[in-house]
Amino acid sequence: MRLSEAEIAVHWKEEAHFRPLSKFIGQANLTDPAVMERFSEKNYPECFREYADLLTWDQYWTKTLDTSNAPFFKWFVGGKLNVSYNCIDRHLEKYGTKAAIVWVSEDENEPDIVLTYNELYARVNEMAALLRDFAGLKTGDRITIHMPMVPELPITMLACARLGIIHSVVFGGFSGEACGARIVDSGSHVLVTMDGYYRSGKLLDHKINADIAVKKAESEGQKVEKVLVWKRFHDKVSSPTAMVAGRDFFVQDELKKFRGARVAPVSMPAEAPLFLMYTSGSTGKPKGCQHSTGGYLAYVTATSKWIQDIHPTDMYWCMADIGWITGHSYIVYGPLALAGTSVMYEGVPTFPDAGRPWRIAERLGVNIFHTSPTAIRMLRKLGPDEPNKYNLNFKCMTTVGEPIEPEAWLWYYHTVGRGKAAITDTWWQTENGGFLCSTKPAIDEMKPGSAGPPMPGIYPVIFDEHGKEIPAGSGKAGNICIRAPWPGQFQTIWGDPDRFVKNYFAKYNKDPKSKRWQDWPYFAGDGAVWAADGYIRILGRVDDVINVAGHRLGTKELESACLTVPEVAEAAVVPIVDEERGRVPEVYIAIKPGVKTDPKEVAAKVTSAIETTIGKIARPRAVRIVPDMPKTRSGKIMRRVLASISNHMDYGDITTLSNPEVVEQIRVQVQGTGPVEKKTAPEDIRRFGETT
Ligand code: PRX
């Protein structure tokens with residue numbers, strides 16, 4: 001029988017705590033330890049007024065939290081505001097000539113682009129005019145943006161926000177097909193893209209992905225009327241892919257007609273959707289997480305202020321991609337709402353060498369740095385001493401996206417941060433808008449490997465499979481849930497409210513008719529342990545989602561890509577532990593009976609099918625052609641067994657399988673004929689695929 005989470009004891013060494021320096025505390029935005037008292041449950045939900053008060057409202061709200069249609073919670077009801085106004089216009093008087101965005105090309109010979117708030121204002125207004133008057137978009141329409149890390153991306157997003165157009169930014173590294181699927185789901189008629197961009201020293205043709213995306217969308221009945229193509233270089237075209245007459249337009253050419261245009265920011269209800277961000281779940285189709293205008297902006301502004309400790313005078317660099325939620329919240333909306341200076345980097349962190357980020361940081365005087373454990377591991381592996389060659393002065397540094405192991409944490413702290421920077425490990429998800437657990441950098445001690453205590457106003461609970469609470473300090477793992485809604489929480493899954501309720505709330509809801517938030521704990525889908533000291537350690541996903549380099553990939557999405565190869569009868573994808581990227585997918589394939597083929601050829605076809613439907617980020621470590629899949633008597637593929645074999649662990653009890661003999665065959669194929677290997681497995685791998 002399978003163990004419940006509550007029964008799985010987790011053993012790890014308790015790490016020493018580190019204290020922030022008084023120099024940091026002296027200048028920090030949040031130093032008052034009474035904050036937790038102010039945000040305690042007795043003051044909920046009104047405590048979140050403090051967040052909303054950081055914004056400029058056209059009309060103040062009348063109700064802080066409306067639970068009447070739980071779990072579709074509404075924040076700051078009756079309030080009206082505009083996000084672009086809050087991120088730009090309101091700063092012009094005081095900070096107009098200060099840098100809002102500093103963009104760094106991957107090519108070290110290309111000059112930076114610095115956009116002051118005045119310049120950002122002008123460019124966002126012109127783009128908004130173009131979207132409205134040339135592309136015919138209006139408030140409430142959706143638009144898909146498939147762009148690399150260039151200043152034109154936040155300009156386009158903010159132009160949408162100015163008009164209340166709902167943007168759906170698709171990570172630039174995703175394939176044209178993946179983009180097309182998101183165009184269909186969001187019902188976009190306009191796609192904004194760029195002709196090309198640099199990646200590892202190569203100027204890639206990106207326009208070609210737009211053609212694939214439009215074709216894919218149209219094959220599923222979604223017509224794209226206009227494709228707006230930004231030019232990577234203003235004076236030349238960077239893609240050999242032809243423009244389609246009447247459909248494709250270069251943005252710079254059209255913008256000439258809108259020079260000097262000004263567009264009044266549309267006053268939006270706090271509850272209006274600001275954007276969609278697609279993320280993977282345990283079923284095939286990506287979920288369009290719908291984020292709100294008022295609640296979202298309030299939440300990312302406050303957390304950028306308190307946790308990232310952004311002041312207008314700081315040089316802040318979040319080395320993520322805007323195509324993920326981290327970039328939306330902590331490159332664009334949070335920092336700009338605070339009149340911060342946000343650095344954007346176009347390319348690969350290790351290009352042309354592992355000293356690149358540190359050169360950028362030194363040259364620009366970056367004092368706040370935000371990145372992922374994967375980037376830290378990679379930079380450490382390729383250039384452990386590189387940071388020492390540069391004059392680095394970080395006051396605080398954060399990590400996000402995956403658990404960070406203490407060893408990598410210590411390198412980050414000592415070598416990159418010189419033992420001076422306060423480090424926060426921020427746990428949250430695409431669905432959450434902003435941080436859920438993190439230390440408060442000037443208040444809490446740091447503990448390597450643990451995300452830390454909950455954020456103010458966030459009340460976690462760890463449940464076992466049956467809804468019984470696992471108390472802090474018990475050393476037992478369980479499913480982490482958040483008991484009460486918070487303003488940054490997504491509003492629904494675009495077009496699929498039932499899936500929203502089912503995926504995130506049904507598991508621990510006892511009364512589906514309840515209008516009390518107390519009855520709707522949010523199920524995050526992560527395993528976690530709550531230590532006696534109040535720090536939460538996140539163990540990884542409990543569903544069959546693979547976290548690759550801090551980004552969620554749905555197993556079912558990968559498997560459906562494999563099934564597009566005609567020879568493939570069955571496919572199973574499992575995560576394997578990877579030193580740098582956390583987890584990477586490995587694929588098992590069974591070939592259709594009677595089909596004679598070269599296994600190597602099929603493996604190559606499978607890899608290419610995955611790259612085409614999802615993108616290179618999903619490239620499997622290995623594709624293994626096996627005689628049959630291990631299955632339960634009801635025919636379900638036992639991914640847990642395959643995951644154990646791939647990770648050289650004991651595969652446990654297989655007596656309930658309908659074909660146990662195949663397990664040994666597969667094991668020998670993967671591990672060789674030696675004795676069964678018995679490495680210990682991380683939690684997410686031991687339980688992989690068991691909960692769905
Ligand atoms: O498993 C958790 C892991 O990343 C998942 C969320 O992925 P995504 O929606 O792509 O958002 C990533 C950036 C917010 C979570 O369910 N995760 C995220 N941050 C941490 C983490 N695991 C451990 N520690 C973290 N700090």
Side-chain angles (χ1 to χ4, degrees), residues 12 169 171 173-174 276-282 286-289 291 299-300 303 307-308 318-331 334 370-377 397-406 408-409 412 423-439 446-455 458 460 477 479-482 488-490 493 503-504 522-529 535-554 557 575 581-583 617-618 682-685 687-688 691:
W12 83 91
V169 177
F171 169 55
F174 274 147
L276 308 179
M277 168 59 66
Y278 282 85
T279 190
S280 296
S282 46
K287 304 175 280 195
C289 295
H291 283 281
Y299 200 73
V300 299
T303 48
I307 304 300
Q308 311 286 60
C318 168
M319 197 176 66
D321 194 294
I322 292 176
W324 307 107
I325 191 73
T326 301
H328 276 49
S329 300
Y330 297 113
I331 297 179
H370 187 31
T371 192
S372 65
T374 289
I376 295 169
R377 286 183 215 112
M397 309 196 306
T398 55
T399 77
V400 63
E402 357 149 32
I404 179 162
E405 44 291 279
W409 191 99
Y412 196 42
I423 294 192
T424 53
D425 173 352
T426 60
W427 169 70
W428 59 298
Q429 313 170 299
T430 305
E431 294 86 341
N432 308 154
F435 307 145
L436 291 182
C437 284
S438 164
T439 47
M446 305 160 232
K447 180 177 170 184
S450 282
M455 289 289 298
I458 301 294
N479 296 321
I480 185 164
C481 296
I482 310 296
Q489 186 173 22
F490 69 142
I493 296 175
N503 262 335
Y504 300 99
Y522 166 81
F523 172 63
D526 278 337
V529 181
Y535 281 54
I536 290 176
R537 185 178 153 105
I538 302 294
L539 304 167
R541 303 290 307 167
V542 299
D543 54 12
D544 50 2
V545 166
I546 304 181
N547 187 331
V548 181
H551 304 301
R552 281 152 61 183
L553 297 177
E557 269 174 275
R581 286 148 63 85
R583 305 284 178 271
I617 184 167
E683 176 88 357
D684 59 315
I685 290 186
R687 303 198 296 171
F688 189 70
T691 50

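Computed from heavy atoms alone, side chains included, the values below leave out hydrogens, waters and symmetry copies. As the structure lists them, so they are numbered: ligands from 1, and atoms in each ligand from 1. Note that the coordinates shown come from a computational prediction; the quantities given were computed from them, not determined experimentally.
Those atoms of ligand 1 with a heavy atom of Trp428 less than 4.0 angstrom away are 6 (C), 14 (C), 15 (C), 18 (C), 19 (N). Atoms of ligand 1 lying under 4.0 Å from at least one heavy atom of Thr430, given by number and element, are 8 (P), 9 (O), 10 (O), 11 (O). In the vicinity of Gly550, heavy-atom distances shorter than 4.0 Å reach the ligand 1 atoms 10 (O), 12 (C). The atoms of ligand 1 that sit less than 4.0 Å from any heavy atom of Asp526 are 1 (O), 2 (C), 15 (C), 16 (O). In the vicinity of Thr326, heavy-atom distances shorter than 4.0 Å reach the ligand 1 atoms 13 (C).
Inspection of the Tyr504 and Glu431 side chains reveals an N or O donor paired with an N or O acceptor under 3.5 Å.
Not a single N or O atom of Glu431, backbone or side chain, sits closer than 3.5 Å to an N or O atom of ligand 1. For the pair Arg541 and ligand 1, the shortest N or O to N or O distance falls below 3.5 Å.
Counting heavy atoms under 4.0 Å from ligand 1, residue Thr426 touches it through the backbone alone. When non-hydrogen atoms are compared, ligand 1 lies under 4.0 Å from neither the backbone nor the side chain of Ala451.
Side chains of Ile685 and Arg583 form a contact here, defined as non-hydrogen atoms less than 4.5 Å apart.
Of the candidates His551, Glu402, Met277, the one placing a heavy atom closest to atom 24 (N) of ligand 1 is Glu402.
Nearest heavy atoms, Val545 versus Ser280: CG2-O, 4.2 Å.
Contact annotation: Gly401 has at least one heavy atom less than 4.0 Å from an atom of ligand 1. Under a 4.0 angstrom heavy-atom cut-off, Ala524 registers as lying outside contact with ligand 1.
Ion pair Arg377/Glu402 flagged as a salt bridge, since at least one NZ, NE, NH1 or NH2 atom sits closer than 4.0 Å to an Asp/Glu carboxylate oxygen.
Partner Trp324 forms a ring-ring contact (aromatic ring centres under 6.0 Å, His included) with one of Trp428, Tyr278, Phe174 and no other, that one being Phe174.
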